[in-house]
Amino acid sequence: MKKLILASNNAKKLKELKAILSDMDVEILSQREAGCNFEVEETGTTFAENAYLKAKAVFDTTGESTVADDSGLMVDALNGEPGVYSARYAPGGHDASDKEKYMYLLSKLEGVTDRRAKFVSSICCLLPDGTEIRTEGECRGQILTEPHGEGGFGYDPLFLYEPLNKTFAEVTEEEKNQISHRARACEKMLEIMKGLHE
Ligand code: IMP
């Protein structure tokens, strides 16, 4: 493999994926850098379906090895919401800012004492020889009652990672890329890739 295309237009997600996959001996490009100036509609009902839709659209356009991540936050007390709707979970939908989204989540959790939640990342990797790799990673935590920290993106300021007693917006980029749902899903993908060449 010479090139790996990341099927995403989310700059923060791309930065994380590039860092997590940086040990791979390949040129890593975003879909835009590979000429895919489109946004794939996430019509699936699961993370895995949406990851596949994104990877497939970019793979079909470029013919190059492609990786997509579909991810989100699942809150126990909200029966797994916002889940696959994490990116559009606020009255403004996709146009709502990260802050509007997490403030909306806080409003939904007002008075709720069970704050358990998990981030989930589903990875789909499509290779030119027809190989499909699908993995999933999770990271459990607690939703705070107010935001803490400036780093990360999305719901990070609300997500307390208990082993470090910090939110994902307070940990360093290096720390997040070792412990996150995305890091875990990518790790599993890399394991499977290694096995392909043995
Ligand atoms: P999608 O995978 O592009 O559908 O969007 C995932 C959405 O889930 C993001 O827009 C964030 O709101 C949320 N999300 C996914 N991963 C993370 C993360 O690592 N930190 C914070 N929020 C995340």
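Below, each value reflects all heavy atoms present in this structure, side chains not excepted, and no hydrogens, waters or symmetry copies. Each ligand, and each atom within it, is numbered from 1 in the order the structure gives. Start at 1 with the first residue, then count along the sequence.
- Atom CG of residue Asp156 and atom NZ of residue Lys12 lie 9.0 Å apart, to the nearest 0.5 angstrom.
- At the top of the distance list for atom 20 (N) of ligand 1, counting protein heavy atoms only, stands Asp156 OD1, 2.6 Å.
- Residue Leu73 holds its CG atom at 10.5 Å from NZ of Lys118, rounded to the nearest 0.5 Å.
- For atom 18 (C) of ligand 1, the nearest non-hydrogen atom from the set Glu16, Lys176, Lys12 belongs to Lys176.
- For atom 9 (C) of ligand 1, the nearest non-hydrogen atom of the protein is Phe153 CE1, 4.2 Å.
- The shortest separation from a heavy atom of Asp70 to ligand 1 is under 4.0 Å, placing the residue in contact.
- At a 4.0 Å heavy-atom cut-off, ligand 1 does not touch Phe168 at all.
- Distance from atom 16 (N) of ligand 1 to its nearest protein heavy atom, with residue and atom name: Arg182 NH2, 2.8 Å.
- Between Lys13 and ligand 1, at least one pair of N/O atoms sits closer than 3.5 Å.
- Residue His181 approaches ligand 1 through these ligand atoms, each under 4.0 Å from one of its heavy atoms: 16 (N), 17 (C), 18 (C), 19 (O).
- Within the structure, ring pair (Phe, Tyr, Trp, His ring centres under 6.0 Å) contacts touching residues 113-145 (residues at least two apart or in different chains) are Phe119-Phe159, Phe119-Phe168, Phe119-His181.
- For the pair Leu126/Thr131, no side-chain contact is recorded, criterion being any heavy-atom separation below 4.5 Å from C-beta on.
- Two residues are said to be in side-chain contact when any heavy atoms from C-beta on lie closer than 4.5 Å; Met74 and Glu81 fail this criterion.
- Looking only at protein heavy atoms, the nearest one to atom 23 (C) of ligand 1 is Phe119 CE2, 3.6 Å.
- Summary of contacts: the protein heavy atom closest to atom 4 (O) of ligand 1 is Glu42 OE1, 2.9 Å.
- Counting heavy atoms under 4.0 Å from ligand 1, residue Lys54 touches it through the side chain alone.
- The side-chain heavy atoms of Lys101 and Arg88, taken from C-beta on, include no pair separated by under 4.5 Å.
- Residues Arg32 and Asn9 are in side-chain contact: their nearest non-hydrogen atoms beyond the backbone lie under 4.5 Å apart.
- The shortest distance between side-chain heavy atoms of Leu29 and Thr62 does not fall below 4.5 Å.
- For the ligand labelled ligand 1, residue Gly72 lies inside the 4.0 Å heavy-atom shell.
- Put simply, the side chain of Leu4 does not reach to within 4.5 Å of the side chain of Thr66, judged on heavy atoms.
- In the candidate list Ala87, Ser71, Ser86, Ser71 is nearest to atom 6 (C) of ligand 1, counting heavy atoms.
- Ranking protein heavy atoms by distance to atom 22 (N) of ligand 1, first place goes to Tyr155 N, 3.2 Å.
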